[in-house]
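Worksheet for the structure shown next.
Read the numbers this way: they start at 1 and go in the same order the structure lists the ligands and their atoms.
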Amino acid sequence: MARYIFVTGGVVSSLGKGLSSASLAYLLQSRGFKVRLRKLDPYLNIDPGTMSPFQHGEVFVTDDGAETDLDLGHYERFSGISAKQSDNVTTGKIYSDILKKERKGLYLGKTVQVIPHVTNQIKEFIKTDINKEDFVICEIGGTVGDIESLPFLEAIRQFAIENGIKNSLFIHLTLVPYMKASDEIKTKPTQHSVKELRSLGIQPNIIICRCERPIPIEQRKKISLFCNVSLDNVIETIDVKTIYEAPISFSKQKLDQQVLSYFKVKTKKKTNLKPWYKVTNTVLSSKNFVNIAIIGKYVNLKDAYKSLDEALTHGGIKNNLKVNLIRIESDYLKPSDIKNKLKGVHGILIPGGFGKRGTEGKIAAIKYARINKIPFLGICFGMQMAVIEFARNVLNIKNANSSEISKKCIPVIGLLNEWEQGGVFYKGTDKDLGGTMRLGSYPAKLLPKSHIINIYGKSKINERHRHRYEVNINFKNKFENKGMFFSGVSPDNKLPEVIELKKHPWFIGVQFHPEFKSRPLSPHPLFSSFIAAANKYK
Ligand code: GLN
């Protein structure tokens, strides 16, 4: 029977609940247990798919096509377990399912209420699609005290009673601030946060205290006493130099041991921290570096390209290099500034994106990378922009564009049904914006004699997608005659998946998002190769 670990947060947001959950998952897994990670988000959107990255950071995409919270990316990167649609739920989704049932009359005339109907629906989600896992870690988004998270906290309280207290564990992550003026570590915010949680009927079993410096025993004792938690279960987490240190740090603090002893589970298997020591060492001690420019619309918000930043770092780990990310806002990138702004850059990356804003800056940067033979990687929108640049400047189709951007253009990029009779591909492109894209893992075949097939070392790949528009396959010959090779296609040959330039050391565009599948312990080959090329260019 699965044991459930609920992770809540208090005092402030962004304390690293996701990273703590992911690290715990790794530690338990490496002791031989089967683990699952889930995120319960209290906001009203059905999923983060329609949210701006400015609001919520990156939208992470799973193999089975769910648009989820970026914490699921952390989970995958640390645990190596591919997340599923059934691992992320929001208040919006819970209510939407309830309201559908209500309209069908499935509540048999009853008044539909937060308790029991919303809480039951949440509990159902927590239990669903479990497959012989030893531990299910459920992170509750937001901070204790938020109005929105109340139904979730009530649901996990009920769940623990119904599932057996012995099979349920509550971990509460809080901030323990250090006051410089008085040179003191303050436990009061933690006490208040736990008091709030207890007033909702939840007694945490383990408290993880985030602090910028070690917490002296006196303060630990205080937290233990006032929060009703044994001293061994007051775990500190001090700011780490790199996130890859987190599993090491939690292991030193015996988080996994405390969890196992709570559940009275024994194992002889020790955690394997070697890979994390290796990765941490490489990240902290690499002397050589490459400078990679990321040119996009959301560069000012760090979390907007979370998986991408991570994947580039993984590429650096593979090559024993530090990767400096130079973020360039595409909106303000004028063609006349390009040379100046890209000085000292060893590789140019254009990430995924939507809409017209900033596209001309991206296209100008791609031209610069193409002509000056600077390694270039275009991801999704970035690939589409590379195709537009080539059409305009090499094929001389001056009005080439994407029908996403201009309705009066020659659409070298467009919707499949714009050029294929009856080829309606998506569920409702001009109606709903949420959940209507080509989402999730799709196969692609890589063609012989291409650069991409060498990079992957195989011809059949599966990568995650999140897009509505496609490169128009009808232009294939025109492009290939001038040196842009459509080197990866969907198995039915209808959708270009990869483009590359013949006469360029490293110029690749991919319609998919390889960054979602890169992990620190197994860097994605495309990023490893891109970083190696950037290093060579240097
Ligand atoms: N806006 C483009 C499309 O819908 C690209 C999407 C993306 O980069 N994820 O096809």
Side-chain angles (χ1 to χ4, degrees), residues 47-54 56-62 65-68 70 73 294-299 304-309 311 330-331 348-363 365-366 376-389 391 400-407 409 411-420 423-442 444 463-473 475 488 490 494-499 508-517 526:
D47 60 40
T50 57
M51 275 196 226
S52 158
F54 283 124
H56 197 70
E58 160 192 281
V59 175
F60 187 77
V61 180
T62 59
E67 296 176 283
T68 70
L70 58 79
I294 301 184
I295 306 175
K297 225 164 49 171
Y298 313 109
V299 287
Y305 301 112
K306 188 79 206 151
S307 296
L308 188 63
D309 296 355
S330 50
D331 260 17
I348 296 174
L349 192 147
I350 314 266
F354 293 84
K356 184 171 183 205
R357 200 158 58 77
T359 49
E360 292 307 316
K362 291 179 190 175
I363 290 172
I366 295 169
F376 168 81
L377 175 57
I379 293 180
C380 205
F381 206 44
M383 164 190 177
Q384 298 176 358
M385 293 298 112
V387 169
I388 293 170
E389 189 280 321
N401 214 330
S402 163
S403 56
E404 175 179 3
I405 295 166
S406 157
K407 295 288 169 234
C409 67
V412 286
I413 315 289
L415 297 172
L416 187 68
N417 57 8
E418 286 170 0
W419 62 82
E420 193 175 78
V424 182
F425 205 61
Y426 305 104
K427 284 183 256 167
T429 43
D430 53 356
K431 294 185 195 109
D432 292 342
L433 282 182
T436 55
M437 284 185 267
R438 184 171 182 239
L439 283 166
S441 184
Y442 283 90
E463 289 283 6
R464 297 185 196 172
H465 293 67
R466 182 175 183 246
H467 63 113
R468 203 168 267 127
Y469 296 84
E470 308 280 352
V471 175
N472 187 338
I473 193 87
F475 285 91
S490 59
K494 284 186 178 168
L495 311 173
E497 291 273 7
V498 187
I499 55 103
I508 293 179
V510 289
Q511 187 56 78
F512 45 81
H513 290 270
E515 69 272 26
F516 293 139
K517 282 174 78 169
L526 201 47

Among all protein heavy atoms, pick the one closest to [atom] and tell me residue, atom and distance.
| atom | answer |
| --- | --- |
| atom 7 (C) of ligand 1 | Cys380 SG, 3.0 Å |
| atom 4 (O) of ligand 1 | Arg468 N, 3.0 Å |
| atom 9 (N) of ligand 1 | Arg466 O, 2.8 Å |
| atom 1 (N) of ligand 1 | Glu404 OE1, 2.7 Å |

Open item on the list: When you compare the side chain of Tyr469 with that of Ser403, does any pair of heavy atoms fall below 4.5 Å?
Closed with: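 Ser403 reaches Tyr469 side chain to side chain.
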Open item on the list: Under 6.0 Å between ring centres: does that hold for Phe60 and Phe516?
Closed with: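 Yes, close enough.
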Open item on the list: Check Glu67 with Arg466, please: is the shortest side-chain N to carboxylate O separation under 4.0 Å?
Closed with: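 Salt bridge present between Arg466 and Glu67.
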TODO: Using non-hydrogen atoms of the residue, decide whether Gln384 is closer than 4.0 angstrom to ligand 1.
DONE: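 So Gln384 counts as touching ligand 1.
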Task: Minimum heavy-atom distance between Phe381 and Lys362, given as atom pair plus value - done: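 Reported closest heavy-atom pair: CD2-NZ, 3.7 Å.
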- [ ] Would you mind running through ligand 1 and noting each atom that sits below 4.0 Å from a heavy atom of Tyr469?
- [x]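 Taking each heavy atom of Tyr469 in turn, ligand 1 has 3 (C), 4 (O), 10 (O) under 4.0 Å.
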TODO: Just jot down the ligand 1 atoms closer than 4.0 angstrom to any heavy atom of His513, in number order.
DONE: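 Checking each atom against His513, I get 9 (N).
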TODO: Can you spot which of Asn401, Ile350, Ile388 makes a side chain to side chain contact (heavy atoms under 4.5 Å, CB included) with Ile363?
DONE: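 For Ile363, the side chain to side chain contact (heavy atoms under 4.5 Å, CB included) test succeeds with only one of Asn401, Ile350, Ile388, which is Ile388.
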TODO: Please name the residue in the list Leu377, Leu526, Leu308 that meets the side chain to side chain contact (heavy atoms under 4.5 Å, CB included) test with Pro514.
DONE: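 Exactly one candidate clears the test, Leu526.
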- [ ] Please say whether Met437 places an N or O atom under 3.5 Å from an N or O atom belonging to ligand 1.
- [x]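 So ligand 1 has no N or O lying under 3.5 Å from an N or O of Met437.
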Open item on the list: Quick check on side-chain hydrogen bond (donor to acceptor under 3.5 Å, both in side chains): which of Gln384, His513, Arg438 does His467 satisfy it with?
Closed with: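 By the side-chain hydrogen bond (donor to acceptor under 3.5 Å, both in side chains) criterion, His467 pairs with just one of Gln384, His513, Arg438: Arg438.
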Open item on the list: Just to be sure I'm reading this right: ignoring hydrogens, which of Gly353, Gly382, Ser402, Gly414 gets closest to atom 5 (C) of ligand 1? Compare them by their nearest heavy atoms.
Closed with: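 Going through Gly353, Gly382, Ser402, Gly414 one by one, Gly353 has the nearest heavy atom to atom 5 (C) of ligand 1.
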